[in-house]
Amino acid sequence: KQWYQRRVRGLKIRGNDEEDYPFLVTGGEDLRLDQRVQQLFRVMNENLLTDPACCSRKLRVHTYQVVPMTSRVGIIEWINNTRPFKEMIEHQVSIHFNMPRQDLSKLEAAAENSKWLSQFGTGKEGPGPMYQTMFMKGSRNDTLAKVNRQYSMIPPDLLQKAIWSLSSSPEAYLFIRNQFARTLATFSICSYIIGIGDRHLDNFLLNHKDGGLVGIDFGHAFGTATQFLPIPELMPFRLTRQFTSFLRPLDVQGLLTHNMTYTLAALQRPESKDILLNVMDVFVKEPLLDWQKLASRLAKEQRGTGKKEQQTWFPRKKVEIAKLKLEGVNPAFITCTEIKESVHSGQPYESALINVVKGDPKFNIRARVNGKCTSAKEQVECLIDQATDPNVLGKTWGGWAPWI
């Protein structure tokens, strides 16, 4: 039982081409969600391949095989020539500060976050109440001041130096940077459509042969990280300072925005949208066990629908949210909708969450855009605005390391 719940084992499978293919055998989680996410990514890749702008720029998401065997055991393809982003950044931190490698949670910037949070509670009852009070009482100016203090404690170019150390020449470095930018842009948009959450640094791998970004572990998809985590995720994808600094001397506009716009526009074509929504329909006809549990929990806390209605309403709502994204709805409006239909609905801090997500018209483009964006470009601008907003990042769960 202990292995079934916790252990991970390696396995090699020899194919009919006489090559060995490594896999991981995992236990304790339902891999059907990961499998379906990979299927959706493959469908998106096929759609991107038929779009001239995306095809010429080789915009695609890296996929891998996931094979569920039971509801709690399965195998996952091992991805060769990759390293976790967290490992690379921690190594550069140890070099910069001339100290043994340690977890990011033990750095001075993390302590600064804990110190700032302590004014909102003791944390004896868990971090949830402390963060909830912070949402209600933490002003934008105080949050930005805290974020700036954290930034002063961490060099902005740790990822950049890590990639440089892997490059054999300046030309190789530029190639890796460009490939990283393309794959980051494509993965960010595709994962946003599917509502992928929990994007901490352990869930990103870098292929150090071609510079491609690989996302792994999709336990939180279709907005569940916003709806059910005790401290909700309010950003559409990860675009923190180490990612944006790696693109220097060019800016986000030059290397990311255009590729994101091409990707989103390709997926929003009527034929692409219809295919994606039809594939997602399997979630309605065959809901996951974990989703059934989440639907029951949400209905219980909100005193909602009966059991049979829960099993169809919950996945149907997820598909409807994906449809709104493909129709160009303002991402801030999407996040607010998810909050209103979450375990945070009706809580004293709900309105504070909504205000953080909506942003300030003085600083945020998403706050100046109506409910529906006028173009894919405007939708991408709103997405980047929400993902990089220091008022959002500064109020994010500390384990996500938003200051990195």
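FYI, side chains are in, hydrogens and waters are out, and symmetry mates aren't considered; it's all heavy atoms of this structure.
Within a 6.0 Å sphere centred on CG of N16, heavy atoms belonging to other residues, nucleotides or ligands number 12 at most. Remark: F333 CZ is loosely packed, at most 12 non-hydrogen atoms of other residues, nucleotides or ligands lying under 6.0 Å away. Atom NZ of K323 has 12 or fewer heavy atoms from other residues, nucleotides or ligands within 6.0 Å.
Taking the side chain as every heavy atom from C-beta outward, N391 and N364 never approach each other to under 4.5 Å. Here the side chains of I75 and I13 are in contact, with some heavy-atom distance below 4.5 Å. S167 is listed as a side-chain neighbour of I176, based on a closest heavy-atom distance under 4.5 Å. A 4.5 Å side-chain heavy-atom check between P402 and V147 finds every atom pair outside the cut-off. Annotation: side chain of R140 is in contact with side chain of D389 (closest heavy-atom distance under 4.5 Å). Between E350 and K340, the closest side-chain pair of non-hydrogen atoms falls below 4.5 Å. Between N259 and T186, the closest side-chain pair of non-hydrogen atoms is not below 4.5 Å. Side-chain contact between L166 and M88 is present, with at least one heavy-atom pair separated by less than 4.5 Å.
Between the side chain of Q150 and the backbone N or O of A109, at least one donor-acceptor pair lies under 3.5 Å. With E112 contributing its side chain and K146 its backbone, the two residues share no donor-acceptor pair below 3.5 Å. Looking at N45, its side chain does come within 3.5 Å of a backbone N or O of V61 through a donor-acceptor pair. In this structure, S152 contributes its side chain and R149 its backbone to a donor-acceptor pair below 3.5 Å. A donor-acceptor distance shorter than 3.5 angstrom exists from the side chain of N207 to the backbone of K209, with no hydrogens or angles considered. One N or O on the side chain of E378 and one on the backbone of T374 form a donor-acceptor pair closer than 3.5 Å. Looking only at distances, no side-chain donor or acceptor of K395 sits under 3.5 Å from a matching main-chain atom of V356. At distances below 3.5 Å, not a single donor-acceptor pair connects side-chain atoms of R177 with backbone N or O atoms of I163. The main-chain N or O of L104 is found under 3.5 Å from a side-chain atom of E90 such that the two form a donor-acceptor pair. Of the possible polar contacts, one joining the Q119 side chain to the W116 backbone as a donor-acceptor pair under 3.5 Å is found.
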As a quick check of understanding, evaluate side-chain contact (heavy atoms from CB on, under 4.5 Å) for H91 and S165, giving each step before the final call. CA-CA 11 Å; H91 179 66; S165 68; over 6 Å; no
If you apply the rule side-chain contact (heavy atoms from CB on, under 4.5 Å), what do you find for E381 with T261, and how did you get there? CA-CA 9 Å; E381 290 173 348; T261 303; over 6 Å; no
Passes side-chain contact (heavy atoms from CB on, under 4.5 Å), L353 versus H344? Steps please. CA-CA 9 Å; L353 288 176; H344 309 288; 4.1 Å; yes
Stepwise side-chain contact (heavy atoms from CB on, under 4.5 Å) test for Q160 and S245: CA-CA 7 Å; Q160 189 179 50; S245 296; over 6 Å; no
Determine whether R182 and D210 satisfy the following criterion, salt bridge (charged side-chain N to carboxylate O under 4.0 Å, His left out), listing intermediate values before the conclusion. CA-CA 12 Å; R182 285 195 296 268; D210 65 10; over 6 Å; no
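Nearest heavy atoms, L267 versus L326: O-CD2, 3.7 Å. Of all non-hydrogen atoms in F85 and L206, the two that sit nearest each other are CE1-N, 3.7 Å. Taking each heavy atom of S342 and T226 in turn, the nearest pair found is CB-O, 4.4 Å. In terms of heavy-atom proximity, P361 sits nearest to A367 at N-CB, 3.5 Å. When every heavy atom of C373 is checked against every heavy atom of Q379, the shortest pair comes out as SG-CA, 3.5 Å. When all heavy atoms of T335 and Q386 are compared, the pair lying nearest together is OG1-NE2, 3.1 Å.
Put simply, the residue from L205, I404, D103 that forms a side-chain contact (heavy atoms from CB on, under 4.5 Å) with K86 is D103. Between D385 and the options R366, K358, R368, a salt bridge (Lys or Arg N to Asp or Glu O under 4.0 Å) holds for only R366. When T143, N141, D142 are each tested for a side-chain hydrogen bond (donor to acceptor under 3.5 Å, both in side chains) with S139, only one passes: D142.
Relative orientation of the F204 and F243 rings is perpendicular, given thresholds of 30° and 60° on the angle between their planes. Taking the six-membered ring for Trp and thresholds of 30 and 60 degrees, F135 and Y131 have ring planes inclined between 30 and 60 degrees apart.
Q35 meets the side chain to side chain donor-acceptor pair (under 3.5 Å) test with no other residue; sequence neighbours excluded. Checked against side chain to side chain contact (heavy atoms under 4.5 Å, CB included), Y64 has the following partners two or more places apart in sequence or in another chain: Q38, V66, I76, E77, I79, I216, F218. Under the rule for a side chain to side chain donor-acceptor pair (under 3.5 Å), the partners of S272 that lie at least two apart in sequence or sit in another chain are R269.
Atoms CG and CH2, from N203 and W400 in turn, are 11.0 Å apart once rounded to the nearest 0.5 Å. Distance check: M280 CE to I275 CD1 gives 12.0 Å after rounding to the nearest 0.5 Å. Interatomic distance, CG of L184 versus CG of L256, reported as 5.0 Å (0.5 Å rounding). For the atom pair CD of E341 and SG of C336, the computed distance is 11.5 Å after rounding to the nearest 0.5 Å. Rounding to the nearest 0.5 Å gives a distance of 12.0 Å between CD1 of I89 and OG of S94. The structure places CH2 of W403 at 12.5 Å from CD of Q242, a figure rounded to the nearest 0.5 Å.
Under a cutoff of 6.0 Å and an axis angle of 45°, R36 and F222 do not form a cation-pi pair. The cationic atom of K325 (NZ for Lys, CZ for Arg) lies less than 6.0 Å from the six-membered ring centre of Y192 and within 45° of the ring axis.
With 3.5 Å as the limit, one finds a donor-acceptor pair spanning the side chains of Y262 and R57.
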